[in-house]
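What follows is one structure encoded as structure tokens, with my remarks underneath.
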Amino acid sequence: MLIFEHSRPGRRAQAQAPDLSGAALERALEDIPARLRRERRPTLPEVSEMQVVRHYTGLSQKNFSIDTHFYPLGSCTMKYNPRASNSLAMQPPFLGRHPLAPAGRGQGFLECMYDLQQILREVTGMREVSLTPMAGAQGEFAGVAMIRAYHDARGDSARTEVLVPDAAHGTNPATATMCGYKVREIPTGEDGDVDLEALKQVVGPQTAGIMLTNPSTLGVFERRIRDIAGVVHEAGGLLYYDGANLNAILGRVRPGDMGFDVMHLNLHKTFSTPHGGGGPGAGAIAAGERLAEFLPVPMVVRDGDAFRWAGEADRPRSIGRLSAFMGNAGVLLRAYVYARMLGGEGMRRVADFATLNANYMLACLAREGFTPGYPGRRASHEFTLTLKPEAKKLGVTALDFAKRLLDYGFHAPTIYFPMLVPECFLIEPTETETREVLDAFVQAMVAIREEAERDPEILHGAPHALPVRRLDEVDAARTLNLRWEPADEAASGGRAGEERRRLATS
Amino acid sequence: MLIFEHSRPGRRAQAQAPDLSGAALERALEDIPARLRRERRPTLPEVSEMQVVRHYTGLSQKNFSIDTHFYPLGSCTMKYNPRASNSLAMQPPFLGRHPLAPAGRGQGFLECMYDLQQILREVTGMREVSLTPMAGAQGEFAGVAMIRAYHDARGDSARTEVLVPDAAHGTNPATATMCGYKVREIPTGEDGDVDLEALKQVVGPQTAGIMLTNPSTLGVFERRIRDIAGVVHEAGGLLYYDGANLNAILGRVRPGDMGFDVMHLNLHKTFSTPHGGGGPGAGAIAAGERLAEFLPVPMVVRDGDAFRWAGEADRPRSIGRLSAFMGNAGVLLRAYVYARMLGGEGMRRVADFATLNANYMLACLAREGFTPGYPGRRASHEFTLTLKPEAKKLGVTALDFAKRLLDYGFHAPTIYFPMLVPECFLIEPTETETREVLDAFVQAMVAIREEAERDPEILHGAPHALPVRRLDEVDAARTLNLRWEPADEAASGGRAGEERRRLATS
Amino acid sequence: MPFIPHTQQDIDQMLSVIGVDSIDALFDEIPGELQTGIDGVPEGLGEMAVTRLMEERAARDPRDLCFIGAGAYDHHIPAAVWQITTRGEYYSAYTPYQAEASQGNLQLIYEYQTMMAGLTGMEVSNASMYDGASALGEAALMAVRANRRSRSRRILMPTTVNPLYRRTAEVIVGNQGITFEPLDYDPATGTIDSGSLPTDPGDVAALVIPQPNFFGALEDVDALTDWAHDQGALVIAVVNPTAMAVLSAPGSWGAEGADIVCGEGQPLGIPLSSGGPYYGFMCCRKSHLRQLPGRLVARAVDADGRDGYTLTLQAREQHIRRSKATSNICTNQGLMVTASTIYMALLGADGLAAVAGRSHANTRALVEKLTALPGVERAFGGAYFHEAVLRLPRPAGEVLEALAERGILGGCRLAGDYPELGEALLVSATERRTGADLDRYAAALAEVLA
Amino acid sequence: MPFIPHTQQDIDQMLSVIGVDSIDALFDEIPGELQTGIDGVPEGLGEMAVTRLMEERAARDPRDLCFIGAGAYDHHIPAAVWQITTRGEYYSAYTPYQAEASQGNLQLIYEYQTMMAGLTGMEVSNASMYDGASALGEAALMAVRANRRSRSRRILMPTTVNPLYRRTAEVIVGNQGITFEPLDYDPATGTIDSGSLPTDPGDVAALVIPQPNFFGALEDVDALTDWAHDQGALVIAVVNPTAMAVLSAPGSWGAEGADIVCGEGQPLGIPLSSGGPYYGFMCCRKSHLRQLPGRLVARAVDADGRDGYTLTLQAREQHIRRSKATSNICTNQGLMVTASTIYMALLGADGLAAVAGRSHANTRALVEKLTALPGVERAFGGAYFHEAVLRLPRPAGEVLEALAERGILGGCRLAGDYPELGEALLVSATERRTGADLDRYAAALAEVLA
Ligand SMILES: Cc1ncc(COP(=O)(O)O)c(C=O)c1O
Ligand SMILES: Cc1ncc(COP(=O)(O)O)c(C=O)c1O
């Protein structure tokens with residue numbers, strides 16, 4: 001039932017709004033010309049406070065989440081989100097601080113941001129860090145824009161292409177386009193590494209740079225990364241590091257040392273800030289020698305004992321700002337708490353145990369007869385399976401397996417990505433899961449395969465035990481019912497989103 | 001699965017404890033004689049932080065609650081618990097205040113307590129209020145102990161009996177016993193009111209007092225309350241008011257005006273503090289002329305602009321203290337927030353709409369052919385049904401109906417209480433429920449009766465849709481498995497609750 | 001090893017299943033010279049220590065009385081909003097790619113889309129962008145793609161649009177050769193100078209219309225919308241969502257309504273929080289749907305015929321369309337949408353109107369009190385909504401500093417972006433400000449100016 | 001009408017179904033003269049206004065550095081504890097009378113019972129009492145009922161038991177003719193004077209043994225337990241649960257162990273909160289089970305043979321047994337048990353031992369620092385746990401006041417209850433206190449005493 005269906009005309013959560021209606025409201029607004037006023041009330045529900053609490057508490061229970069389920073979603077690093085990060089970031093002085101309040105009224109907050117910049121510098125092996133990008137993709141945007149600004153600053157304007165491996169995450173090519181570049185795909189070799197020969201062939205004076213994830217989205221470490229860096233740099237291009245997979249090497253290997261010029265971190269992955277059902281994230285960006293001066297503003301600088309913002313004036317070559325203020329401050333606070341709790345040693349252990357868990361699952365699944373996407377390669381913090389053999393033999397797809405896993409109480413791995421691997425499962429257990437959970441997942445995979453052997457319809461019809469059965473997405477995209485409409489309006493095809501009733505006050 | 005079954009030796013939520021173990025721990029404790037030290041580690045789980053979060057988040061989802069379900073539990077006033085009460089009571093300065101911190105370091109808190117005392121005085125029509133009782137039953141204890149102290153102070157020591165109506169809540173007679181009184185039951189008349197003639201016959205010089213709930217637990221207002229008060233007072237006894245049902249008359253009628261000498265309020269009912277799955281509550285106690293000086297300590301007094309505790313020294317005739325400190329301060333803060341949000345007018349509306357909802361449900365259920373416990377009487381904020389006709393005709397009990405209601409997504413009403421009403425349902429919808437919910441409940445009752453007509457096994461086997469089916473309580477009381485034991489210990493019948501393994505440190 | 005559950009026995013057994021004898025061996029494909037480790041990161045702290053640290057940091061930041069708006073507003077946030085939003089099932093869920101395991105979140109987004117479409121008077125809302133400023137950049141890109149009548153990459157951008165939005169949007173569109181051409185404002189009213197609208201603007205992709213504009217002033221949205229449509233340009237509305245409870249919705253502007261609506265969602269239940277996380281909202285006509293960036297939820301039917309909800313039109317997005325996607329956005333600001341949806345459900349249309357009304361009345365009262373001081377005057381004469389520009393007789397920077405020392409955040413200084421306004425201050429007083437608060441501001445300002 | 005969802009239409013229709021024409025008519029059975037209404041209650045406030053009010057109240061209460069223990073301890077509480085405990089499904093549920101609809105809560109209590117039985121070394125734990133002090137009163141009542149060898153109503157109550165507990169317990173048992181007879185302490189050690197134990201105590205129902213005792217001193221629990229059992233008395237242990245991680249558990253005291261164990265649960269994850277809500281725990285031998293007050297949860301089997309949990313032995317309780325019940329308790333402190341169970345699960349045995357160890361070491365370090373000041377000395381010589389009594393060269397009241405002005409809560413003054421100790425202070429430093437905190441206390445005290 002939708003919240004709108006709980007609505008009754010005139011019902012209100014009275015404690016929540018100023019007591020202002022009717023003539024008093026009109027008086028409050030009397031200096032606003034009538035022609036600029038709204039005529040019809042917007043479609044918002046009229047419900048009581050308890051109805052709201054009950055409705056959204058009930059809805060929440062229909063979600064899988066880290067706090068309730070194993071969530072081995074490859075490329076997403078769904079690890080435990082410490083509850084302390086939440087409560088400490090949500091302290092009233094932090095929540096109440098206006099973004100335009102003077103720096104002097106927020107030294108506690110600014111010191112956290114400064115410290116975080118410093119920590120991320122260490123972690124990445126880069127020279128400077130800007131925290132402002134609001135997600136990984138915005139970090140990528142900043143990085144590629146910086147590469148562009150670099151070439152422009154050197155008058156090197158013939159560089160029109162950005163190279164992206166075919167296995168890359170979709171944000172990489174999309175970002176290159178947003179930065180006005182043409183995208184050229186680099187093929188992946190048999191072994192999961194970039195095809196170095198192919199790369200050599202396409203690199204040239206038109207190459208602005210390359211975007212790489214390492215370990216790659218195939219869950220393997222790009223072993224010839226230094227060679228790749230050499231080839232690209234040789235040609236005058238720069239290297240962008242997509243930090244989505246940093247969990248695999250955190251505290252052990254620094255992207256700066258691999259030869260990258262700029263990178264983002266997905267703090268909502270590696271630094272365990274919550275995914276929030278889709279966001280917010282934080283895509284802090286770090287740059288080395290060549291690119292640091294182009295970093296987006298604002299950044300935090302220290303003057304003696306005081307911290308302040310550095311904006312366009314301090315950093316004249318900056319690509320500029322990516323949001324009205326400073327990005328997702330509250331997310332950054334959470335990441336900072338997490339970083340301080342881990343410390344340097346704890347960071348290294350993240351990589352160690354994320355990698356241990358992934359390799360263990362891979363070994364178990366292989367032992368049970370599932371097919372690794374890249375046999376013979378070590379898993380990084382994640383790995384691929386191909387369910388093509390099962391698809392062929394049993395007529396069940398990766399999607400069927402995924403949906404049936406939900407019935408077993410496991411969130412499905414990432415499916416059909418990377419596309420290179422047919423019927424792909426990209427599995428990332430993360431370091432915070434116990435061995436028992438990994439074993440249980442493997443057992444579920446075996447059990448599901450047995451079900452498929454017995455009766456593939458069990459899988460085709462899955463899920464069976466969730467609030468809904470499998471949804472018809474094709475029909476949904478055709479019907480395109482994107483918002484609820486009041487019955488009378490839906491019937492009369494009335495004007496979008498507004499109710500018939502006029503403002504109570506008019 | 002129990003949390004203990006997730007345990008693995010050596011696993012820990014490392015962020016949560018000081019980093020102190022092994023030899024360092026021994027050093028920390030070196031001045032404690034070995035013979036006073038523990039030898040074996042207690043049975044506590046060894047689990048990670050995420051396991052704890054996942055386990056207890058998962059468990060929570062197996063509960064019905066106000067935030068998720070309609071909960072028409074008679075005598076319990078399960079109304080919406082405002083979320084603001086929670087967040088405002090949990091502000092760090094309130095949470096962090098040590099109970100023995102000087103009054104000067106907690107003026108904000110003390111002012112809230114003082115204000116609450118004043119508000120409850122107004123609400124009850126009594127002379128003074130003490131907030132210290134930690135639940136209704138402790139309020140009752142305080143009140144009856146005050147009655148005893150009163151008689152003792154007057155040298156009137158022959159009073160050995162407390163009168164309690166047969167429909168009273170169990171805490172009433174149990175309290176009288178705890179205060180050293182004999183309990184004498186008063187019968188209820190046909191119409192649900194106390195049998196005044198019977199009362200007159202038992203009242204006498206041995207009568208210390210009477211404990212009454214009004215409206216009574218039968219959901220009707222005791223109409224001759226002033227007569228009852230006259231009879232008891234005449235005989236030298238005092239009147240105790242059990243405030244559990246105050247929601248019915250809040251802001252309209254004051255127990256002090258009915259002739260009561262002392263009463264408690266269930267703030268966790270009428271003032272909407274959460275029930276917390278069993279508690280904590282707050283049973284503030286209010287007394288009139290005769291008994292005010294005996295109120296339990298501490299109370300808050302105002303000296304000019306400052307607030308301070310009044311203890312035994314200030315109030316030498318007090319019955320004393322009922323807890324180490326001042327009772328359930330955090331609950332009282334929640335009640336205070338609620339009281340301030342309602343205001344006087346809002347309180348009256350609580351009674352109005354609690355009563356409207358109850359009478360509406362009663363009318364609907366009666367119309368659908370269910371049998372009121374006291375036909376012809378108005379419902380107060382709650383009412384009884386007797387399911388005896390259904391039991392006789394269809395072979396299904398009140399318990400069966402109750403369990404089946406769970407399948408329909410409704411918490412069951414209170415059942416088999418009061419015992420006077422055979423196959424009793426005591427239904428209290430509270431004022432915060434919408435008419436739609438009440439209608440849906442009535443429809444569910446009708447639907448369940450139809451099921452019973454069709455196939456009573458549906459009811460006998462209910463619930464069907466919950467985490468467990470009906471539990472065998474008789475067997476549980478026989479088996480008495482009251483705690484988990486490690487497999488080896490359970491097998492070897494080892495010493496209670498301790499594990500074999502010795503302290504890691506020894 | 002905070003958050004890592006492995007016992008030594010686990011480690012040993014797992015390594016033996018893998019067939020290596022140490023965790024280090026699992027990194028054998030990484031060139032040794034790259035495995036430098038890190039130093040310089042401070043040692044790990046337990047939760048107790050980090051709590052102490054963060055509480056001390058927070059305690060250093062005073063809780064001032066806030067009269068700054070300028071794109072972020074200090075509204076009351078009902079307690080229920082964040083107590084529900086931070087429930088693990090919302091807080092720690094991923095993007096609802098597995099629809100059946102995410103019905104709670106998906107239904108909530110569907111409700112959100114309905115609410116935002118309702119507020120803006122548009123047909124469609126997406127599931128959120130990063131923030132208001134970046135949403136404006138995306139709206140500009142979208143307009144260029146969506147305008148079938150024009151191939152222009154020029155967009156008219158009034159200077160009454162929040163300067164921080166303009167700068168952000170410029171960064172976002174700049175690399176694609178899209179340019180913003182400024183439109184001046186009328187110094188008397190602080191609104192777009194309709195006199196200065198070019199009679200023949202040439203080929204233009206879109207006109208941006210802010211309402212209220214950055215000065216709090218109210219634009220003549222109907223006339224501007226009709227003018228833009230006459231030129232073959234699309235209209236991008238940038239609006240304050242609280243204002244939408246009482247101001248004419250972009251869907252009703254002029255004869256045809258705006259084409260794209262975006263703005264900052266923060267006023268709807270999101271804490272100020274030093275500027276984020278907030279979220280950008282974005283709505284449009286259904287006919288432009290395939291150019292809309294960001295996620296979309298649709299109602300769907302399951303195998304048993306039950307209603308459910310699912311992400312839809314993913315072919316617009318980067319993970320399907322890659323370099324041809326409508327945007328590179330992936331992670332959005334989902335949890336903020338959860339909070340805002342709960343906020344809007346709690347407030348309803350009447351409640352939101354009351355918030356708007358009280359905020360406006362408070363601001364008006366503040367303006368009256370402050371302009372009663374000698375030398376303080378309104379910079380513009382026209383109508384405004386819940387925010388206004390004042391001119392001061394002393395340097396605004398100094399005044400603000402002196403007010404801050406008194407625990408008052410007196411407003412936003414405009415000299416940097418609008419030197420022509422002199423010592424100007426943008427002030428706002430939300431419904432949270434009491435009469436006593438306004439008096440306190442007025443008294444402090446009197447003292448400072450004395 | 002906050003929290004009331006009725007529309008005018010609802011009201012009209014509901015009244016018509018009932019067959020009356022006003023809500024007032026529903027009160028027609030209540031004598032008119034009783035329907036006076038109330039006045040004097042302040043007008044209702046919206047959530048925004050009450051938030052402002054309560055924030056201002058809270059802001060007036062300083063957050064001092066706490067060195068008071070005396071029954072309530074300032075331990076670290078993991079953030080997860082209360083974020084989970086305040087989930088609506090725990091927070092707003094009732095007592096789990098409908099077992100099938102309360103499995104989460106019931107299983108949690110079963111786990112709690114297991115943990116408390118483990119900590120105390122006893123066979124059984126109930127589901128909670130109000131607080132430690134009232135639990136002691138109930139334990140005394142229980143002991144009188146449970147002691148089959150004695151019909152005595154006398155209980156030996158050492159003066160080393162927390163005076164607030166003694167006073168509370170006395171109120172609870174007093175009306176049933178039960179008396180507490182004091183046992184003195186040895187002024188050298190601050191523990192029960194084994195010399196003063198009566199050689200022939202006569203018929204005694206029970207001996208109360210605190211561990212650690214109110215002074216923080218460690219009683220000779222084995223000898224006391226054996227002595228009591230020799231006299232035919234039961235042993236009631238009153239213990240600090242944190243201490244149980246490292247001190248010998250009552251179940252192991254002497255040859256047979258204690259019979260009843262109670263105490264304050266606050267140290268296990270419950271905020272100080274001006275004294276409540278806390279909870280009392282209560283454990284016993286299985287043979288005394290039927291005399292135990294309070295709720296109990298047992299494992300049960302459902303109709304399909306699955307494990308579940310349910311309240312059991314309700315025949316002990318007031319709602320069944322009425323005037324013959326083991327206690328009048330009904331509502332207990334359930335939500336605190338939820339918090340404590342999560343706390344204990346997070347800490348585990350090692351973690352709790354570390355909390356105990358660090359608290360003790362901190363207290364010892366504090367004692368060393370403070371006794372280094374001239375005129376400050378320990379009042380007792382024996383062993384103690386995480387709390388100790390110091391004698392001051394100046395009136396303790398004045399010293400505490402001067403320390404409070406410096407933001408330090410210096411301890412609990414003992415002069416009221418123990419005048420014989422002179423100017424004595426009970427101090428404690430939990431694991432939350434840092435070395436710098438201890439130094440700050442020492443420096444402040446030096447200043448105050450100078
Ligand atoms: C490999 C990779 N790169 C980039 C991104 C984009 O990050 P964000 O979603 O934070 O924009 C992701 C996120 O899913 C990713 O997995
Ligand atoms: C009528 C009545 N009296 C007394 C009580 C006892 O109150 P408490 O549970 O708070 O001790 C109750 C609670 O259920 C009750 O309903």
Side-chain angles (χ1 to χ4, degrees), chain A residues 13 17-18 20 25 28 41-44 52 59-60 62-67 84 88 91 93 95 99 108 122 134-135 137 170 173-175 177 179-180 183 274-281 320 324-325 328-330 343-344 346 352 360 363 434-435 466 468-469 471 476 481 483-484 496-497, chain C residues 5 10 14 18 23 40-41 43-44 47 54 57-58 60-61 88-89 91-95 100-101 103-105 114 117-119 123 130-131 133 164 171 175 271 273-277 298-300 302-303 308 310 318-319 322-323 325 328 331-335 345-346 349 351 354 357-358 361:
Chain A
L20 189 66
L25 176 60
R41 304 209 305 184
T43 310
L44 293 180
V52 172
L59 279 190
S60 79
K62 295 187 181 175
N63 281 349
F64 278 34
S65 67
I66 275 289
D67 279 9
L88 296 174
Q91 293 181 84
L95 289 186
E122 297 292 339
M134 288 178 285
T175 298
T177 301
C179 290
V183 175
H275 279 84
F325 303 111
N328 286 331
D352 286 0
Y360 174 72
T434 61
R435 181 188 167 198
L466 271 76
V468 291
R469 299 276 307 282
L471 292 162
N481 176 337
R483 71 168 204 279
W484 175 84
Chain C
D10 288 337
M14 291 168 81
I18 300 168
I23 290 181
V41 173
E43 259 195 37
E47 186 183 300
M54 293 301 286
R57 295 262 171 100
R60 277 163 57 199
D61 295 355
E89 299 94 321
Y91 187 78
S92 73
Y94 200 76
T95 305
E100 299 84 359
Q103 283 299 297
N105 197 20
T114 303
L119 267 185
E123 289 171 306
Y130 299 133
D131 78 341
L164 293 172
V171 172
N175 291 326
S273 192
S274 287
R299 202 191 269 247
D302 83 352
T310 182
Q318 46 72 30
H319 60 289
R322 302 178 70 84
S323 64
N328 71 340
T331 290
N332 61 13
Q333 305 281 113
L335 197 67
L346 282 168
R358 180 62 56 78

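Proteins come first, then strands; the chains are lettered A, B, ... in the order of their sequence lines, and each starts at number 1.
The backbone N or O of C:Pro5 sits nowhere less than 3.5 Å from a side-chain atom of A:Thr434 that would complete a donor-acceptor pair. Under the 3.5 Å distance criterion, the side-chain polar atoms of C:Asp61 are matched with a main-chain donor or acceptor of A:Gly108.
Contact of A:Val183 with chain C is made through the side chain alone, with heavy-atom distances under 4.5 Å. Contact annotation for C:Glu100: both backbone and side-chain heavy atoms come within less than 4.5 Å of a heavy atom of chain A.
Looking at heavy atoms from C-beta onward, A:Gln91 lies out of side-chain contact with C:Arg57 at the 4.5 angstrom threshold. Side-chain contact check for C:Gln318 versus A:Thr177: every heavy-atom pair is 4.5 Å or farther apart.
Between A:Pro93 and C:Ala58 the shortest heavy-atom distance is CB-O, 3.4 Å. In terms of heavy atoms, A:Leu20 sits closest to C:Ala354 at O-CB, 3.4 Å. C:Met14 approaches A:Arg435 most closely through the heavy-atom pair CG-CD, 3.8 Å. Summarising the geometry of A:Phe325 relative to C:Leu164, their closest heavy-atom pair is CE2-CD1, 3.8 Å, with the distance given to 0.1 Å. Of all the heavy atoms in C:Thr331 and A:Gly281, the pair that sits closest is CG2-N, 3.6 Å. Across all their heavy atoms, C:Gln103 and A:Asn63 have their closest contact at N-OD1, 3.9 Å.
Taking CG from C:Asn175 and OG1 from A:Thr175, the interatomic distance works out to 11.5 Å, rounded to the nearest 0.5 Å. A distance of 8.0 Å separates CG in A:Asn328 from CG in C:Asp131, rounded to the nearest 0.5 Å. Rounding to the nearest 0.5 angstrom, the gap separating the OH atom in C:Tyr94 from the CD1 atom in A:Ile66 is 11.5 Å. In this structure, SG in A:Cys179 is found 7.5 Å from CG in C:Asn328, a value given to the nearest 0.5 Å.
Your options are C:Ala101, C:Gly308, C:Pro271, C:Gly275, and the one with the most heavy-atom pairs under 4.5 Å with chain A is C:Ala101. Contact count versus chain C (heavy atoms, under 4.5 Å) is highest, among A:Ala363, A:Gly330, A:Gly278, A:Ala324, for A:Gly278. Taking chain A as the reference chain and counting heavy-atom pairs below 4.5 Å, the highest number among C:Glu43, C:Arg322, C:Arg60, C:Glu47 is found for C:Arg322. Chosen from A:Ala84, A:Ala135, A:Gly343, A:Gly170, the residue pairing most often with chain C at heavy-atom distances under 4.5 Å is A:Gly170. Of the listed residues (A:Gly344, A:Ala17, A:Ala28, A:Ala13), the one with the most heavy-atom contacts under 4.5 Å to chain C is A:Ala28. With chain A as partner, the option from C:Ala325, C:Ala300, C:Ala345 having the largest number of non-hydrogen pairs under 4.5 angstrom is C:Ala345. Options A:Ala137, A:Gly180, A:Pro280, A:Ala476 differ in how many heavy-atom pairs under 4.5 Å they form with chain C, and the most are formed by A:Pro280. No other option in C:Thr310, C:Asn105, C:Ile23, C:Asn332 has as many heavy-atom pairs under 4.5 Å with chain A as C:Asn332. Ranked by heavy-atom pairs under 4.5 Å with chain A, the list C:Gly351, C:Gly88, C:Ser323 is led by C:Ser323. Ranked by heavy-atom pairs under 4.5 Å with chain A, the list C:Gly334, C:Ser274, C:Ala133, C:Gly40 is led by C:Ser274.
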(request) Determine, stepwise, if the pair C:Glu89 / A:Lys62 fulfils side chain to side chain contact (heavy atoms under 4.5 Å, CB included). (result) CA-CA 8 Å; C:Glu89 299 94 321; A:Lys62 295 187 181 175; over 6 Å; no
